[in-house]
Amino acid sequence: CTSLSFHFVYQQPTNMSDLKNTSLDPYGRDLPWVYGYDALGLTLGILIVIVNCGMLLSIAFVREIRKVTDELVISLTCADFLIGCSLIVSAIFECFEHRQNLNGSMVIFCLSQLGSFSSHFNLLLIAIDRLICIYVPLRYAAIITPLVKRLAIGMMRQMSSVMVIVMYM
């Protein structure tokens, strides 16, 4: 009775040409878990896009929902939609391009980072909005106007863009 064992040793890539072979075992065959991660990313991306499309469509076409939905929630929905789209594109790109085009994957990664930063800053803005609503309830309408919310969302998007640009300089 003999047992056959396979030992996979990961080697740190030393140059750009080595990066395209990181999903291969020493014999040049594709590892099945690579496609499993791509399938998981694709599934999550599709679910995120479907849910956020449903929210955006309901906000756009149902007047009662549009009246009560806060602009910060709409902005958060858009940021999460961007994350879902970048997950779908990333999974498809990684599956078919097979990690050979590093410029394309960098653009996809920048888009996902932009969506992530926007989503985090949106959650921060919603928390600040709720904090002001709780601690200063009588002056809330005077402090947090629709113009203030739009300016805060614009500044948040600019900060997210600057962080992505600075991260890749």
Side-chain angles (χ1 to χ4, degrees), residues 19 23 32-169:
L19 285 175
S23 68
W33 55 268
V34 173
Y35 294 111
Y37 286 129
D38 293 338
L40 179 66
L42 184 64
T43 305
L44 287 175
I46 289 172
L47 287 174
I48 290 170
V49 166
I50 288 172
V51 168
N52 287 304
C53 271
M55 286 182 65
L56 289 173
L57 289 174
S58 67
I59 290 168
F61 293 118
V62 180
R63 181 175 293 165
E64 292 82 21
I65 294 176
R66 190 177 338 138
K67 286 181 181 178
V68 297
T69 305
D70 194 19
E71 294 173 358
L72 296 172
V73 174
I74 296 170
S75 178
L76 179 63
T77 303
C78 293
D80 289 344
F81 179 77
L82 178 65
I83 291 173
C85 289
S86 67
L87 267 174
I88 291 172
V89 172
S90 175
I92 292 171
F93 183 79
E94 292 291 327
C95 187
F96 291 116
E97 284 294 320
H98 214 42
R99 293 161 183 81
Q100 293 176 356
N101 187 350
L102 294 177
N103 293 330
S105 60
M106 183 63 78
V107 169
I108 294 168
F109 187 69
C110 286
L111 284 177
S112 67
Q113 289 298 316
L114 180 66
S116 295
F117 287 143
S118 295
S119 182
H120 290 118
F121 283 137
N122 252 317
L123 290 172
L124 180 67
L125 287 177
I126 290 171
I128 291 170
D129 178 63
R130 296 294 90 201
L131 183 76
I132 292 172
C133 181
I134 290 170
Y135 283 109
V136 194
L138 299 177
R139 294 188 306 169
Y140 174 78
I143 296 171
I144 306 295
T145 62
L147 178 64
V148 170
K149 286 184 182 180
R150 289 186 193 114
L151 288 173
I153 290 170
M155 287 180 6
M156 176 266 310
R157 296 244 170 98
Q158 288 178 350
M159 285 184 357
S160 299
S161 301
V162 166
M163 286 180 68
V164 169
I165 291 169
V166 167
M167 190 163 47
Y168 295 106
M169 285 186 133

Student: Do Leu40 and Leu44 have side chains that approach each other closer than 4.5 Å (heavy atoms only, starting at C-beta)?
Tutor: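 The answer is yes, as the side chains (C-beta and beyond) meet within the 4.5 Å cut-off.
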
Student: Measure across Arg66 and Phe61 and return the closest heavy-atom pair with its distance rounded to 0.1 Å.
Tutor: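 Smallest heavy-atom distance, with atoms named: NH2-C, 4.2 Å.
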
Student: Hey, what do you get for CD1 (Ile128) to CG (Leu123), rounding to the nearest 0.5 Å?
Tutor: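 Answer rounded to 0.5 Å: 11.5 Å.
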
Student: Give me the atom names and distance for the closest heavy-atom approach of Cys78 to Leu56.
Tutor: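 Cys78 and Leu56 have their closest heavy atoms at SG-CD2, 4.0 Å.
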
Student: A side-chain contact here means heavy atoms from C-beta on lying under 4.5 Å apart; do Leu87 and Leu42 qualify?
Tutor: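 Side-chain contact under 4.5 Å: no.
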
Student: Going from CD1 on Ile126 to CZ on Phe121, what distance comes out if it is rounded to the nearest 0.5 angstrom?
Tutor: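 Ile126 CD1 to Phe121 CZ: 14.0 Å, rounded to 0.5 Å.
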
Student: Please identify each residue that fulfils side chain to side chain contact (heavy atoms under 4.5 Å, CB included) with Ile134, with sequence neighbours left out.
Tutor: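 Expected list: none.
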
Student: What's the shortest heavy-atom distance between Ile144 and Asp129, and which atoms?
Tutor: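 Heavy atoms of Ile144 and Asp129 come nearest at CG2-OD1, 3.5 Å.
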
Student: Could you go step by step and tell me if Asn52 and Thr77 meet the side-chain hydrogen bond (donor to acceptor under 3.5 Å, both in side chains) rule?
Tutor: CA-CA 6 Å; Asn52 287 304; Thr77 303; 4.6 Å; no

Student: Just verifying a value: how many Å separate Ser161 OG and Gln113 CD, rounded to the nearest 0.5 Å?
Tutor: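 The CD atom of Gln113 is 12.5 Å from OG of Ser161, to the nearest 0.5 Å.
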
Student: Measuring from atom CE of Met55 to atom CD1 of Ile50, what distance do you get when rounded to the nearest 0.5 angstrom?
Tutor: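 One finds 14.5 Å between CE of Met55 and CD1 of Ile50.
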
Student: What are the two closest non-hydrogen atoms of Phe81 and Cys53, and how far apart are they?
Tutor: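 Heavy-atom minimum between the residues: CE1-SG, 3.3 Å.
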
Student: For residues 146-159, which residue pairs pass the side chain to side chain donor-acceptor pair (under 3.5 Å) check, not counting sequence neighbours?
Tutor: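 Passing the test, one end in residues 146-159: Asp70-Lys149, Glu71-Arg150, Ser75-Arg157.
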
Student: What closest approach, in Å, do Ser112 and Ser86 show between heavy atoms, and which atom pair accounts for it?
Tutor: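 Minimum heavy-atom separation between Ser112 and Ser86: CB-OG, 3.3 Å.
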
Student: Hey, what do you get for CD1 (Ile165) to CE (Met163), rounding to the nearest 0.5 Å?
Tutor: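 One gets 12.0 Å once the value is rounded to the nearest 0.5 Å.
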
Student: When rounded to the nearest 0.5 angstrom, what distance separates CG in Asp80 from OG in Ser119?
Tutor: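 Asp80 CG to Ser119 OG: 4.0 Å, rounded to 0.5 Å.
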
Student: Go through the steps for Leu76 and Leu72 under the test side-chain contact (heavy atoms from CB on, under 4.5 Å), then give the verdict.
Tutor: CA-CA 6 Å; Leu76 179 63; Leu72 296 172; over 6 Å; no

